[in-house]
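For reference, the structure discussed in these notes is given below.
One-based numbering, in listed order, for ligands and for the atoms of each.
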Amino acid sequence: MRSSPVLRLAPSILSADFARLGEEVRAIEAAGCDLVHFDVMDNHYVPNLTIGPLVCQAIRPHVSIPIDVHLMVEPVDSIIPLFAKAGASIITFHPEASKHVDRSLSLIRELGCKAGLVLNPASPLDWLDHVMDKLDMVLLMSVNPGFGGQQFIASTLPKLRLVRAKIDAHMAAGGQPIWLEVDGGVKTDNIREIVQAGADTCVAGSAVFGCKDADGGYKGVMQALRRAAHPA
Ligand code: DX5
Ligand code: ZN
């Protein structure tokens with residue numbers, strides 16, 4: 001068991017008020033988050049439809065923190081350049097949605113973005129084995145992709161420990177740093193075990209945007225998540 005001192009919080013704007021998106025992303029940055037998590041769904045790879053490069057471009061001037069684009073689309077290669085141009089900082093995709101995973105990862109990096117693979121709850125870790133040197137991020141889904149507000153799937157915890165060990169071994173052998181992000185059902189009551197299992201970056205959608213009227217607003221939620229992850 002390992003508790004990383006680093007904790008990046010990435011609110012998913014899937015649960016934000018889309019009618020006031022500029023205001024919402026400015027508010028989460030001011031509240032102390034580290035990344036804007038941007039969920040792209042195509043009603044093909046996942047049974048839901050969300051936002052595309054035009055919306056990424058529209059919010060880019062409103063924040064200075066990185067935009068973490070999570071592609072839940074199939075195929076991926078044609079949309080990657082559009083997001084790079086729209087100001088994405090990190091682009092992750094599901095390996096099942098690309099015919100040539102190595103090529104898609106290289107394409108993201110050639111366009112100046114950080115690249116990552118997203119593994120669904122039932123996806124094997126083997127996807128990582130031959131592309132570790134091309135990854136800046138591994139994103140483990142702790143729900144099945146497509147919707148916010150779902151329940152955290154507990155089998156993500158042992159899977160996280162395995163990925164943490166893989167990344168640590170890779171870095172110990174001289175490899176580049178790789179961020180380990182978790183997405184789905186992250187709340188104050190489970191973030192501690194998620195971080196202890198090895199995550200350094202946590203997506204939180206409903207936990208952040210569902211609490212805007214609570215004491216302290218978004219800042220209060222962000223502080224509560226950090227305190228719960230690393231109690232003094
Ligand atoms: C699900 C998305 C998640 C989701 C997280 O497909 O990738 O980013 O919005 O939302 P919560 O934190 O509410 O589970
Ligand atoms: Zn996501």
Working to 10°, measure the angle at the Zn ion (ligand 2) formed by atom NE2 of His37 and atom OD1 of Asp39.
90°

Among all the protein's non-hydrogen atoms, which is closest to atom 5 (C) of ligand 1, and how far away is it?
Asp183 OD1, 3.5 Å

By number and element, which atoms of ligand 1 are closer than 4.0 Å to a non-hydrogen atom of Phe147?
1 (C), 6 (O)

Asp183: which N/O/S atom is nearest the Zn ion (ligand 2)?
OD2

Atom of His70 closest to the Zn ion (ligand 2), considering N, O or S atoms
ND1

Kindly determine whether His170 and Gln176 satisfy side-chain hydrogen bond (donor to acceptor under 3.5 Å, both in side chains), including the steps that lead there.
CA-CA 8 Å; His170 172 76; Gln176 82 289 357; 2.9 Å; yes

Looking at Gly146, which atoms of ligand 1 are within less than 4.0 Å of one of its heavy atoms?
1 (C), 6 (O)

Which bit of Ser206 gets closer than 4.0 Å to ligand 1, counting heavy atoms only: side chain, backbone, both or neither?
both

Are any non-hydrogen side-chain atoms of Cys202 and Leu225 less than 4.5 angstrom apart?
no

May I ask you to say whether Asp77 pairs ionically with Arg103, meaning some side-chain N is under 4.0 Å from a carboxylate O?
no

Going by the order shown, which atoms of ligand 1 are within less than 4.0 Å of some heavy atom of His37?
8 (O)

Leu119 and Pro95 have their tightest heavy-atom pair at CD2-CG, 3.9 Å

Atom 10 (O) of ligand 1: the protein heavy-atom neighbour that sits closest, reported with distance to 0.1 Å:
Gly148 CA, 3.7 Å

Is Arg164 salt-bridged to Asp200, cutoff N-O under 4.0 Å?
yes

Got a donor-acceptor contact below 3.5 angstrom from the Asp136 side chain to the Ala115 backbone?
yes

Proximal atoms of ligand 1 relative to Met41 (non-hydrogen, under 4.0 Å):
6 (O)

Is there at least one pair of N or O atoms, one from Ser15 and one from ligand 1, spaced under 3.5 Å apart?
no

How far apart are the C-alpha atoms of Asn120 and His94, what are their side-chain angles, what is the distance that settles it, and do they pass the side-chain hydrogen bond (donor to acceptor under 3.5 Å, both in side chains) test?
CA-CA 8 Å; Asn120 287 328; His94 292 247; 3.1 Å; yes

Within the distance-only criterion (no hydrogens, no angle test), does the side chain of Ser142 pair as donor or acceptor with the backbone N or O of Phe152 below 3.5 angstrom?
no

Which heavy atom of the protein is the closest neighbour of atom 12 (O) of ligand 1, given with residue, atom name and distance?
Gly205 N, 2.8 Å

In plain terms, say whether Arg109 and Asp133 are close enough for a salt bridge, that is, a side-chain N and a carboxylate O under 4.0 Å apart.
no

Which atoms of ligand 1 are found less than 4.0 Å from any heavy atom of Met72?
6 (O), 7 (O)

Backbone or side-chain N or O of Asn144 under 3.5 Å from ligand 1 N or O:
no

Heavy atoms, side chains only, cut-off 4.5 Å: are Lys187 and Ser206 in contact?
yes

Atoms in ligand 1 with a heavy atom of Ala204 nearer than 4.0 Å:
12 (O)

Atom indices of ligand 1 within 4.0 angstrom of Gly185 heavy atoms, with elements
11 (P), 12 (O), 14 (O)

With a cut-off of 4.0 Å, which atoms of ligand 1 are near a heavy atom of Met141?
7 (O)

Which heavy atom of Thr50 sits nearest a heavy atom of Leu14, and at what distance?
CG2-CD1, 3.6 Å

